[in-house]
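Just so we're on the same page: letters track the sequence lines, and every chain starts at 1. Here the structure is a predicted model, which means the values were calculated and not measured.
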Amino acid sequence: MRASRFHLATLKETPVDAEIVSHQLMLRAGMIRRHAAGIYSWLPLGLRILRKVEQIVREEMNRAGALELLMPSFQPAELWQESGRWDQFGPELLRLKDRHQRDACIGPTHEEIITDIFRREVNSYRQLPLNFYQIQTKFRDEIRPRFGVMRSREFIMKDAYSFDLDRDAMQRSYDIMDQAYVRIFDRFGLDYRAVSADSGAIGGSTSQEFHVLAESGEDAIAFSDQGDFAANIETIEALPQDGERAAPDAAMQTVDTPGMHSIADLASGLGVSAHQCLKTLIAEGADGGLVALVLRGDHELNALKAGHLDGVASPLRLAQPEQIKKRLGSDIGSIGPIGIGIRTYVDRSAARLSDFVCGANQNDKHHIHANWGRDCAEPEVADIRSVVDGDPSPDGRGRLRILRGIEVGHIFQLGQKYSESMQATVLDEQGKAVVPFMGCYGIGVTRVVAAAIEQNHDEHGIIWPEALAPFQLAICPINYHKSDLVRQAADDFYDGCIARGLDVLLDDRPLRPGVIFSDMELIGVPRRVVFSERGLSAGQFEYKGRRDAAAQDLPLDELTSFIEKTLSSRQ
RNA sequence: CGGGGUGUAGCGCAGCCUGGUAGCGCAACUGCUUUGGGAGCAGUGGGUCGGGAGUUCGAAUCUCUCCACCCCGACCA
């Protein structure tokens, strides 16, 4: 590709609305452009990268025996009514009516459609196992789209669906996908982790997420520093501590704590440490009432675990301050478990405290030296906190370390949820109709592109991993438009690269070298070759890898062999 | 949906308080010079000032209203 004929649309200034690096760089490099909240076009440069991602996914899915098909975005409401999700899905499902007033939606996912295909196409156990996949546009009407294509409303996803006769066979299909995902993420060249996860709204049991590691990741994931344990932090059990609760050593007192509303205020105001204080959160109950959730001051509530408790609204919703004031008579910041008068769950770590500090359920008052079993009843204990760095690993091996990740893939065992509700069956060996077991497997294709940038960039721009780079090599002639010598050398080399099937970008624009270098670095081409009059007359060319600190001058007669070597030795 | 904010040239912004010829930088276009790290000079084009209504002799500016977008929160892949 010649840059003069490619739509290189780089921006010098950072668009003010872009919050995170990947979004800023994708706009600056001219990969994407926004039309509305969460709605983007992919310009030619961005599409090249998207296609690389898709191609790797496609090759590995095919290798794993999955079959590509393509399903519609526009989906009739009947199928969603059959599965029950027409009512279950919230406003995230974009619903519309066609000219005949028939209800429909723009697909946020495709379980209904694939199950409809399956029940019409497949009749016999002999046709199983089966795995269909597509790479297609999804639409989810997010409450708040943000971070560019990281959380957009319209996005591209690879979704695959497996069908098996029984649970064991489903497990085998799932394992095959697990392996395929490992190959896919290895080939992307990204630093990633597979972790066990919650299956969320899609349903099903066993599930695993694939996260690209990045500081800016929205998810926290934890690993054992000794064993193989790895999981999304929201699913991890915080193990009970060994040993007994210490005996009380003083009588409870009530003290004035004016203006101390946060745990930090309280700890510094009373001269105690945060872990000696109780944090009491109020959630909405399943029956419309309120439930108290008590944690140690230095711990965070795990909303997923708390939402599973008996009597707590699921998904978890924290109560509004007015609601709390009305029911409990005091403001957030002075609430505590003693005499609270609503159902109360106490986290394991909080239940082990003695002589703790807690709100007195009167504004600006707290208890000190409070103790379970003496100043109030023994607590109802539950595991409701998020694990923290250094907690013991739930598999009993080592301690947990916590990293941040961007979820780019998720594989689930769905079981019979959809096949059952939509009455998809096949005949088994005995001629009996059986309900097949399904799995579903997603990769956020557009999100992979953004995640790759989050993980690989510097102050000059994007640094593409080899497999995703829009071009393998940038040819940067200096004064291409002025110097016959330079133009000749650049053209010859470019033609040779094209003939060898390399994907190269020749920057033949009549620009100053600084502009060319900056653009090539911004768009993240992994390596560049520079031709100049000075170098050519000395029989040299210049080479620099995108991550190299400095360029090197090399003999011209080694040009082809050198490039071949760097292309094949790269990782 | 709740809270906060912003809409002026492709991008980044000033002007608004105190009503009176719509400006600056970058980008684009033309010419000359320059040419190994986002050049210089000269010139040119580009605006429903988010939309509508109102007040006024006169509205980017004041008032009302609608819309869009951004940030924080709950939600989610």
Side-chain angles (χ1 to χ4, degrees), chain A residues 9-20 23-24 27-28 30 33-39 89-93 108-109 138-153 155-159 197-202 207 209-212 217-219 232 234 283-284 303-304 307 313-322 405-412 440-448 450-451 460-461 476-483 486 509-522 528 530-536 542 544 550-551 553:
Chain A
T10 54
L11 304 174
K12 222 187 281 188
E13 291 175 272
T14 303
V16 72
D17 289 342
E19 284 275 296
I20 61 169
H23 189 198
Q24 293 169 354
L27 289 168
R28 284 231 287 139
R33 293 290 186 251
R34 191 181 64 86
H35 301 285
I39 302 292
F89 242 90
E92 195 177 311
L93 180 65
T109 175
K138 306 284 185 230
F139 193 95
R140 296 185 190 176
D141 204 358
E142 292 283 343
I143 298 173
R144 188 148 87 85
R146 69 191 120 167
F147 304 145
V149 300
M150 193 76 86
R151 169 155 269 113
S152 53
R153 293 192 292 171
F155 60 100
I156 297 174
M157 183 161 160
K158 184 284 299 176
D159 48 326
D198 181 66
S199 43
I202 308 285
S207 101
E209 292 169 351
F210 289 77
H211 287 260
V212 169
E218 286 193 274
D219 287 300
N232 190 308
E234 63 183 14
E284 295 183 14
L304 191 71
S314 185
L316 182 85
R317 283 188 309 274
L318 290 181
Q320 296 302 308
E322 312 82 65
I406 299 164
E407 184 189 344
V408 288
H410 203 159
I411 60 178
F412 302 84
C440 86
Y441 316 93
I443 291 179
V445 173
T446 39
R447 189 181 276 187
V448 166
H460 302 295
C476 304
I478 290 173
N479 288 325
Y480 181 89
H481 58 299
K482 289 274 181 68
S483 161
V486 167
R509 297 174 298 173
L511 298 173
R512 299 163 68 86
V515 179
I516 291 176
F517 294 154
S518 300
D519 271 354
M520 294 304 112
E521 283 162 2
L522 176 60
R528 80 169 186 222
V530 177
F531 294 115
S532 66
E533 289 224 335
R534 197 178 67 201
L536 291 170
E542 178 191 295
K544 183 174 179 296
D553 289 317

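Between the side chain of A:R153 and the backbone N or O of A:P145 there is no donor-acceptor pair closer than 3.5 Å. A donor-acceptor pair under 3.5 Å is absent between the side-chain atoms of A:R509 and the main chain of A:I516, judged by distance alone. Checking side-chain atoms of A:K158 against main-chain N and O of A:Y441 turns up a donor-acceptor pair under 3.5 Å. Between the side chain of A:Q24 and the backbone N or O of A:A18 there is at least one donor-acceptor pair closer than 3.5 Å. Side-chain N or O atoms of A:S483 include none that pairs as donor or acceptor with a backbone N or O of A:N479 at under 3.5 Å. The backbone N or O of A:G148 lies less than 3.5 Å from no partner atom in the side chain of A:R34, so there is not a single donor-acceptor pair. A donor-acceptor distance shorter than 3.5 angstrom exists from the side chain of A:R28 to the backbone of A:L11, with no hydrogens or angles considered.
Rounded to the nearest Å, the gap between the C1' atom of B:A9 and that of B:C24 is 12 Å. On the P atoms, B:A22 is 9 Å away from B:A60, given to the nearest whole Å. A distance of about 14 Å separates the C1' atoms of B:G10 and B:C29, rounded to the whole Å. Rounded to the nearest Å, the gap between the P atom of B:A53 and that of B:A14 is 28 Å. Taking atom C1' on both nucleotides, B:A28 is separated from B:U63 by 39 Å, rounded to a whole Å. Taking atom C1' on both B:A59 and B:C16, the two are 11 Å apart, rounded to the nearest angstrom. Rounded to the nearest Å, the gap between the P atom of B:C13 and that of B:U30 is 29 Å.
Across all strands shown, B:U34 has no partner, as no Watson-Crick or G-U wobble contact with both distances under 3.5 Å is found. Look at B:A22: it lacks any Watson-Crick or wobble partner with both distances under 3.5 angstrom. Searching all strands for a Watson-Crick or G-U wobble partner of B:C1 with both distances below 3.5 Å returns B:G73. In this structure B:A14 sits in no base pair that meets the Watson-Crick or G-U test at under 3.5 Å. Nucleotide B:C62 has B:G54 as its partner under the Watson-Crick or G-U criteria, with both atom distances under 3.5 Å. Applying the Watson-Crick and G-U wobble criteria (two distances, each under 3.5 Å), B:A68 pairs with B:U6. Remark: B:C29 base-pairs with B:G43. Criterion, Watson-Crick or G-U wobble with two distances under 3.5 Å.
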What does the list of N/O pairs under 3.5 Å between the protein and nucleotides 28-34 of chain B look like, with a distance for each?
residue, atom, partner, partner atom, Å
B:U34, O2, A:R512, NH1, 2.7

What's touching nucleotides 72-74 of chain B from the protein side, N or O pairs under 3.5 Å?
residue, atom, partner, partner atom, Å
B:C72, OP2, A:R144, NH1, 2.9
B:C72, OP2, A:R144, NH2, 2.6

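The separation between A:I39 atom CD1 and B:C70 atom P is 11 Å, rounded to whole Å. One interatomic measurement links the two molecules: CD of A:E142 to C1' of B:C1, which rounds to 15 Å at whole-angstrom precision. Following rounding to the nearest Å, A:D553 (CG) and B:G36 (P) show an atom-to-atom distance of 14 Å. Atoms CD (A:Q24) and P (B:G12) sit 12 Å apart, rounded to a whole Å. Put simply, CD on A:E92 is 16 Å from P on B:C1, counting in whole angstrom units. One atom, CD of A:E521, and another, C1' of B:G37, lie 8 Å apart when rounded to the nearest Å. Note: CD (A:E284) to P (B:C75) measures 11 Å, nearest angstrom. Note: CG (A:D17) to P (B:G5) measures 17 Å, nearest angstrom.
In terms of polar N and O atoms assigned as donor or acceptor, the side chain of A:R34 never comes within less than 3.5 Å of the base of B:G10 in a complementary pairing. Side-chain atoms of A:E533 and base atoms of B:G36 include no donor and acceptor less than 3.5 Å apart. Side-chain atoms of A:E13 stay outside donor-acceptor range of the base of B:G38, with no qualifying N/O pair under 3.5 Å. The base of B:G36 does not come close enough to the side chain of A:N479 for any donor and acceptor atom to sit less than 3.5 Å apart.
Heavy atoms of A:V515 sit under 4.0 angstrom from at least one base atom. Nucleic acid contact for A:R509: none, since no nucleic acid atom lies under 4.0 Å from a heavy atom of the residue.
Residue A:K12 places at least one side-chain N or O closer than 4.0 Å to OP1 or OP2 of B:A27.
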Practice prompt. Summarise protein proximity over nucleotides 42-52 of chain B in one line of letters, 5' to 3': B for base, S for sugar-phosphate only, - for none, counting protein heavy atoms closer than 4.0 Å.
Written response: -----------
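When every heavy atom of A:S207 is checked against every heavy atom of A:H410, the shortest pair comes out as OG-NE2, 3.0 Å. Taking every heavy atom of both residues into account, A:S532 and A:V486 meet most closely at C-CG2, 3.6 Å. The nearest pair of heavy atoms linking A:M520 to A:C476 is CG-SG, 3.9 Å.
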Practice prompt. Just do the side-chain contact (heavy atoms from CB on, under 4.5 Å) check on A:E542 and A:F531 with the steps written out, would you?
Written response: CA-CA 7 Å; A:E542 178 191 295; A:F531 294 115; over 6 Å; no
Worksheet entry | Residue pair A:I406, A:D219: steps toward the side-chain contact (heavy atoms from CB on, under 4.5 Å) verdict | CA-CA 6 Å; A:I406 299 164; A:D219 287 300; over 6 Å; no
Item to complete: Take A:H211 and A:N232 through the side-chain contact (heavy atoms from CB on, under 4.5 Å) test and state the conclusion after the steps.
Response: CA-CA 9 Å; A:H211 287 260; A:N232 190 308; 3.9 Å; yes
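Geometric assessment of A:R528 against the ring of A:F517 yields a positive cation-pi assignment under the 6.0 Å and 45° thresholds.
Residues A:K544 and A:A303 each lie close to RNA chain B; by heavy-atom proximity, the contact nearer the 5' end of the strand is made by A:K544. Of the residues near RNA chain B, A:S152 and A:H35, the one whose nearest nucleotide (by heavy atom distance) lies more toward the 5' end is A:H35.
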